[in-house]
Amino acid sequence: MYWTVYMENGPKRVNHAAVAIGDLIYSFGGYCTGRNYKTKKPMDVHVLDTVTMHWKSLPLPEPGDPQHDVVPYKRYGHTAVFWNGKAYIWGGRNDEFVDNILYCFDPGTCKWTQIESGGFIPSPRDGHSACVIKSKMYVFGGYDEVFDHYSDELYVLNFLTMTWSPVKTEGKPPSFRDFHTATVVNDRMYIFGGRGDHRITGAESYSQNMHFLDTISNCWHKPHTTGDIPVGRRSHSAFLYGDHIFIFGGFNSVTCEHFNDMYRFCVSTNEWQRVTTKGLTPSRRRRQACLVIGHRAYMFGGTSPVDSLITSESQLIDHSDLYVLEFVPSLKTLSILIAIESYGTISLMKFPFPKEIKSEIYLLSGRQKFHRGIE
């Protein structure tokens, strides 16, 4: 596996949420350190075309536009899922308000609607997980603002009826937590990581256990895992490729570590394996977004310590970069990588290659930054 593309000057975002729709990635909200997140201003949307590798930002509605009062306000810690051609945003917060309204974004019209859902709507929260299995969205955990504690609740939204209901499960659920990940494998929802606390001392805790919910029987399982089990963490990325769940990055406040390691979990054998990747590895970070399209994973944004020994919130740097991990690099990509390693980027750029090849050399180079701003 190769980290083959590195780009700067994308949207600088932390704790954002994103979905892939066709060849496009839609990134919703998030925050940038130092900006005001106390007022209810419309949330921004950035779109990455993974064919042209070009970002653009969608225009924000002005006051007086009917969309102005429909668009979700700027937020972080929310979730975004894809169902039936549209993206659904739920939960999240700014520095003053926490939300539990369901929003729908139509990529065909770039318009928003607020969905009038019914049933037992979960209380406002952030740091939860959300994933879609068939025609239902499963929401687990998060930080419950009403009760001021980490949650281990599981709710389901039926998209066909737009009604919420708590899920009565068998087995022992994952412990109270936020900023974990949920990954869908067939009819199962796999939960890993997240931040909890010790009920007596209040100290933060991080689990290394993998749990999954069988949505057919609504039963929780904690499989016995083997191999190179990763350190517990929060605000990491998790994605599915083949029959493996991949884990990248994250943060553990107990060990005071940010991570840029990668692990994969085989769902058929319950074995963990640390993965060695090639190319320009992303810096240690948390609260990034990562999605898979075809044989590529696209990772962008997040925040890192300015120094590997610093973990203070005030000493973090937000990212506007994008990395691409190729699971099956093409012969053309491998040839360019070998040429870069043999000759160097500067020397290669002196050859009379077509402009398209030169652009790819910059994109695939670990020594040069390919700058392309946002429209």
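The shown structure was predicted, so the numbers you read here are calculated from the model rather than taken from an experiment. Just the heavy atoms: all of them, side chains too, but no hydrogens, waters or symmetry mates, feed the values below.
Aromatic ring pairs are classed by plane angle as parallel below 30°, tilted from 30° to 60° and perpendicular above 60°; the pair Trp3 and Tyr323 is perpendicular. Classification of the Tyr190-Phe212 ring pair by plane angle, with boundaries at 30° and 60°, yields tilted. In this pair, Phe105 and Trp112 present their aromatic rings tilted. The plane angle is within the 30 to 60° band. Using cut-offs of 30° and 60° for the angle between ring planes, the Phe351 and Tyr343 rings count as perpendicular. Between Tyr26 and Phe28, the ring planes lie parallel to each other; the angle is under 30°, not in the 30° to 60° tilted range. Taking the six-membered ring where tryptophan is involved, the planes of Phe239 and Phe246 are essentially parallel, since the angle between them stays under 30° and well short of 60°.
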Quiz prompt | Evaluation steps, side chain to side chain contact (heavy atoms under 4.5 Å, CB included), between Val132 and Phe159 | solution = CA-CA 10 Å; Val132 174; Phe159 281 119; 3.9 Å; yes

Exercise. Give the intermediate values and the outcome of side chain to side chain contact (heavy atoms under 4.5 Å, CB included) for residues Lys74 and Asn94.
Key: CA-CA 7 Å; Lys74 289 184 178 181; Asn94 63 15; 5.7 Å; no

Practice problem: Show your working on side chain to side chain contact (heavy atoms under 4.5 Å, CB included) between Lys56 and Leu58 and close with a plain yes or no. | Solution: CA-CA 7 Å; Lys56 71 175 181 179; Leu58 301 184; 4.2 Å; yes

Self-check item: side chain to side chain contact (heavy atoms under 4.5 Å, CB included) assessment of Phe265 paired with Met210
Solution: CA-CA 9 Å; Phe265 177 78; Met210 179 71 85; 3.7 Å; yes

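Residues that satisfy the salt bridge (charged side-chain N to carboxylate O under 4.0 Å, His left out) test with Arg125, not counting sequence neighbours, are Asp144, Glu153. Checked against side chain to side chain donor-acceptor pair (under 3.5 Å), Arg274 has no partners two or more places apart in sequence or in another chain. In this view, Thr50 satisfies the side chain to side chain donor-acceptor pair (under 3.5 Å) rule with no residue, not counting sequence neighbours.
In this structure, Arg75 satisfies the cation-pi test against Tyr73, with its NZ or CZ atom closer than 6.0 Å to the six-membered ring centre and inside 45 degrees of the ring normal.
By the 4.0 Å N-to-carboxylate-O rule, Arg35 lies too far from Asp318 to be salt-bridged with it.
Contact of the Arg93 side chain with the Tyr76 side chain is registered, since non-hydrogen atoms from C-beta on lie closer than 4.5 Å. No side-chain heavy atom of Val139 sits less than 4.5 Å from a side-chain heavy atom of Thr79. Two residues are said to be in side-chain contact when any heavy atoms from C-beta on lie closer than 4.5 Å; Lys40 and Phe97 meet this criterion. Ser207 has its side chain within reach of Arg177: a pair of non-hydrogen atoms, C-beta onward, lies under 4.5 Å apart. For the pair Ile191 and Ser129, the minimum side-chain heavy-atom distance is below 4.5 Å. With contacts defined as side-chain heavy-atom distances shorter than 4.5 Å, the pair Val185/Ile245 qualifies. Asn158 is listed as a side-chain neighbour of Lys136, based on a closest heavy-atom distance under 4.5 Å. At a threshold of 4.5 Å between non-hydrogen side-chain atoms, the residues Ile25 and Ile293 count as touching.
Follow the hydrophobic side-chain contacts under 4.5 Å out from Leu60 and you never reach Tyr37; the two are in separate clusters. Clustering ILVMFWY residues whenever any of their side-chain heavy atoms sit less than 4.5 angstrom apart, transitively, puts Val167 in a cluster other than the one holding Tyr88. Ile340 and Val5 fall within a single hydrophobic cluster, where Ile, Leu, Val, Met, Phe, Trp and Tyr are joined by side-chain heavy atoms under 4.5 Å apart, directly or via other members. By the rule that hydrophobic residues join a cluster once side-chain heavy atoms approach within less than 4.5 Å of another member, Phe192 and Leu154 end up as members of separate clusters. Residue Phe82 is grouped with residue Met43 when hydrophobic side chains (ILVMFWY) are merged at heavy-atom distances under 4.5 angstrom, including chains of intermediate members.
Counting non-hydrogen atoms of other residues, nucleotides and ligands closer than 6.0 Å to CD of Glu96 gives a total above 12. Atom CG of Asn36 has more than 12 neighbouring heavy atoms from other residues, nucleotides or ligands inside a 6.0 Å radius. Annotation: Glu170, atom CD; neighbour count of heavy atoms from other residues, nucleotides and ligands within 6.0 Å does not exceed 12.
Here Met299 contributes atom CE and Gln288 contributes atom CD; the two are 6.0 Å apart, rounded to the nearest 0.5 Å. For the atom pair CG of Asp228 and CH2 of Trp272, the computed distance is 10.5 Å after rounding to the nearest 0.5 Å. Expressed to the nearest 0.5 Å, how far CG of Asn84 lies from OG of Ser135 amounts to 10.0 Å. To the nearest 0.5 Å, atoms OG1 (Thr345) and CD1 (Ile336) are separated by 11.0 Å.
Scanning both residues, Lys222 and His211, for their nearest heavy atoms gives CD-NE2, 3.6 Å. Nearest heavy atoms, Ala130 versus Val81: O-CG1, 3.7 Å. Scanning all heavy atoms of the two residues, the minimum distance from Ile89 to His78 falls at CG2-CD2, 3.9 Å. In terms of heavy-atom proximity, His46 sits nearest to Arg13 at CE1-NH2, 3.6 Å. Taking each heavy atom of Phe140 and Ser175 in turn, the nearest pair found is CZ-O, 4.3 Å. Of all non-hydrogen atoms in Ile247 and Ala238, the two that sit nearest each other are CD1-CB, 3.6 Å.
Phe120 has its ring centre no less than 6.0 Å from the ring centre of Trp164. The distance between the ring centers of Phe251 and Phe179 does not fall below 6.0 angstrom.
Within the 3.5 Å criterion, the main-chain N or O of Ile317 finds a donor-acceptor partner in the side chain of Thr303. Side chain of Asn252 to backbone of Glu257: no donor-acceptor contact under 3.5 angstrom is found. Distance alone, capped at 3.5 Å, places no donor-acceptor pair between the Gln315 side chain and the Pro305 backbone. A distance-only check finds no donor-acceptor pair linking the side chain of Asp49 to the backbone of His54 [under 3.5 Å]. Side chain of Arg285 to main chain of Ser283: a donor-acceptor pair is present (N/O by atom type, distance under 3.5 Å, no hydrogens or angles). Looking at Arg234, its side chain never comes within 3.5 Å of a backbone N or O of Asp178 through a donor-acceptor pair.
Of the residues Ser165, Ser123, Pro122, the one that meets the side chain to side chain contact (heavy atoms under 4.5 Å, CB included) test with Tyr155 is Pro122. For the side chain to side chain contact (heavy atoms under 4.5 Å, CB included) test with Arg233, the passing option among Asp261, Val254, Thr181, Thr255 is Asp261; the others fail. Across His319, Arg284, His258, a single residue satisfies side chain to side chain donor-acceptor pair (under 3.5 Å) together with Ser304, and that is His319.
At a cut-off of 3.5 Å, with distance as the only test, no side-chain donor of His128 or Ser151 sits close to an acceptor on the other residue.
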